Chemist: 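Structure incoming, see below.
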Amino acid sequence: MKIRLTDRSFLKLLDFTPEEIRYLLDLAHKLKEEKRRNKLKNRFKGKSLAMIFEKRSTRTRCAFETAFAEEGGHPVFLSTDDIQLGEKESVEDTARVLGRMFDAIQFRGFRQEHVEMLASGSGVPVYNGLTDEFHPTQILADFMTMEEVFGRLKGLKVVFVGDTRNNVAVSMMVGCAKMGIHFTAVGPKSLAPDAQMVAKCREIAQSTGSRINVTDNIDEAVDNADVIYTDVWASMGEESQSRQRSEILAPYQVNDALMEKTGKTESIFLHCLPAVKGQEVTESVIEGPRSYVWDEAENRKHTIKAVMVATLT
Ligand code: CP
Ligand code: NVA
């Protein structure tokens, strides 16, 4: 089956088939190799990308900006200090104007609804660089890293530890369901993922052979895990809850003892970053031999470039 993603937006993994995700990952591996050999192809020559950021970013911004520019494109960074978005000018009107001037739009912000509105109103591909609900480009980089380490995705067991209702955890659950990866969310019951989303993922998982579990029992959860994944305890926009989160999430810190409980010497540690060392993960795990977080961060660029190449060329 020939995959064609030209003109598509990348808003959430739920919108993509396993074959389309496979296509993006294959392309990302190819682009990484091209970059390594310094064989860039000017694929975005004459094109421009609007990059809207309501929240801060290191990896996502730098990945989009450098990937677009090194293929000859012109990225334009727009923070909410620079642009009218939903306050003086509606999101719909902003979408229409940007769609007249740019070939694509990246959005990082609060509401998933806004990135969806930009996509429906602009007429150009829109990329979700993180919302409160989803962080789909992150998961492509995570899967790419897992393939580099294990040589496969299907049948692996990923355990997300901590705030399992956040954007990264939920996106990982969707991605695992799509790609036949077993997924366990382990954290306090009060931070469990939305039940409807879990049900949707279980339905998808039926056709790909993956198992989706949600539990608060850490020992059971991490047994036999190939990947232990965590993220900050308070996401952007939730800073006021930091203290309370630290209390309820303390038993779910990823430390050496927890890594041992996988029972597998080859299991690895991933984190989307930025990390609060000493909180959700100890210094010794994130800096230790099982940690692939720096490869994972680099792979943000190759996977984001793959999304843009697939949708813009
Ligand atoms: N992982 C990630 O999205 O990092 P940034 O917030 O630095 O973009
Ligand atoms: N869950 C985190 C991810 C940051 C990349 C946040 O939304 O702040």
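For reference, positions follow the sequence shown, starting with 1. On a predicted model such as this, the values are computed, not experimentally measured, just so you know. Note that ligands are numbered from 1 as they come in the structure, with each ligand's atoms numbered from 1 the same way.
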Chemist: For the NZ atom on Lys30, are there more than 12 heavy atoms of other groups (residues, nucleotides or ligands in this structure) within a distance under 6.0 Å?
Modeler: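 Incorrect, the count does not exceed 12.
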Chemist: Could you see if Leu11 belongs to whatever hydrophobic cluster contains Leu49? Use Ile, Leu, Val, Met, Phe, Trp, Tyr and a side-chain cutoff under 4.5 Å.
Modeler: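 No, Leu11 and Leu49 fall in different hydrophobic clusters.
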Chemist: Looking at Glu260, I'd like to know if its CD atom is crowded, meaning that more than 12 non-hydrogen atoms belonging to other residues, nucleotides or ligands lie closer than 6.0 Å.
Modeler: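 No, CD of Glu260 has 12 or fewer neighbouring heavy atoms, counting only those of other groups under 6.0 Å.
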Chemist: Check Lys35 with Glu70, please: is the shortest side-chain N to carboxylate O separation under 4.0 Å?
Modeler: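 Counted as a salt bridge, because a side-chain N and a carboxylate O are separated by less than 4.0 Å.
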Chemist: Here's one to test your reading of the geometry: is the NZ or CZ of Lys55 within 45 degrees of the ring axis of Phe110 and under 6.0 Å from its centre?
Modeler: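 Yes, a cation-pi geometry.
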Chemist: Looking at Phe77, does the NZ or CZ of Arg61 lie under 6.0 angstrom from its six-membered ring centre and within 45 degrees of the ring axis?
Modeler: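 Flagged: Arg61 positioned over aromatic ring of Phe77.
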Chemist: Kindly give the heavy-atom pair with the smallest separation between Trp233 and Arg245, and that separation in Å.
Modeler: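 Taking Trp233 first and Arg245 second, the nearest heavy atoms are O-NH1, 2.8 Å.
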Chemist: For ligand 2, which atoms, with element, lie under 4.0 Å from some heavy atom of Leu273?
Modeler: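 Going through ligand 2 atom by atom, the ones under 4.0 Å from Leu273 are 5 (C).
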Chemist: With sequence neighbours excluded, what pairs up with Arg100 under the side chain to side chain donor-acceptor pair (under 3.5 Å) test?
Modeler: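 Testing Arg100 for side chain to side chain donor-acceptor pair (under 3.5 Å), a comparison that skips the adjacent residues, returns none.
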Chemist: Can you list, by chain and residue number, every protein residue with a non-hydrogen atom closer than 4.0 Å to ligand 1?
Modeler: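 Heavy-atom contacts below 4.0 Å: Ser57, Thr58, Arg59, Thr60, Arg108, His135, Gln138, Cys272, Leu273, Arg300.
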Chemist: To the nearest 0.1 Å, how far is atom 8 (O) of ligand 2 from its closest protein heavy atom, and which atom is that?
Modeler: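 Scanning the protein heavy atoms, the shortest distance from atom 8 (O) of ligand 2 goes to Met236 N, 2.8 Å.
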Chemist: Any N or O on Val168 sitting closer than 3.5 Å to an N or O of ligand 2?
Modeler: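 Min N/O separation from ligand 2 is not below 3.5 Å for Val168.
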Chemist: Which atoms from ligand 2 have a heavy atom of Leu130 less than 4.0 Å away?
Modeler: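 Matching atoms, with element in brackets: 3 (C), 4 (C), 5 (C), 7 (O).
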Chemist: Asp231 versus ligand 2: do any nitrogen or oxygen atoms come within less than 3.5 Å of each other?
Modeler: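 In this structure, Asp231 places an N or O atom under 3.5 Å from an N or O of ligand 2.
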Chemist: Between Ser235 and ligand 2, does any nitrogen or oxygen pair lie at a separation below 3.5 Å?
Modeler: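 Yes; the residue has a nitrogen or oxygen that sits under 3.5 Å from a nitrogen or oxygen of the ligand.
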Chemist: Heavy-atom pairs closer than 4.0 Å: do any link ligand 2 to the side chain of Asn167, the backbone, both, or neither?
Modeler: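 It is the side chain that touches ligand 2; the backbone stays farther off.
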Chemist: Kindly assign one of parallel, tilted or perpendicular to the pair Phe44 and Phe68, based on the angle between their ring planes and the thresholds 30° and 60°.
Modeler: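 Ring orientation, 0 to 90° scale: parallel.
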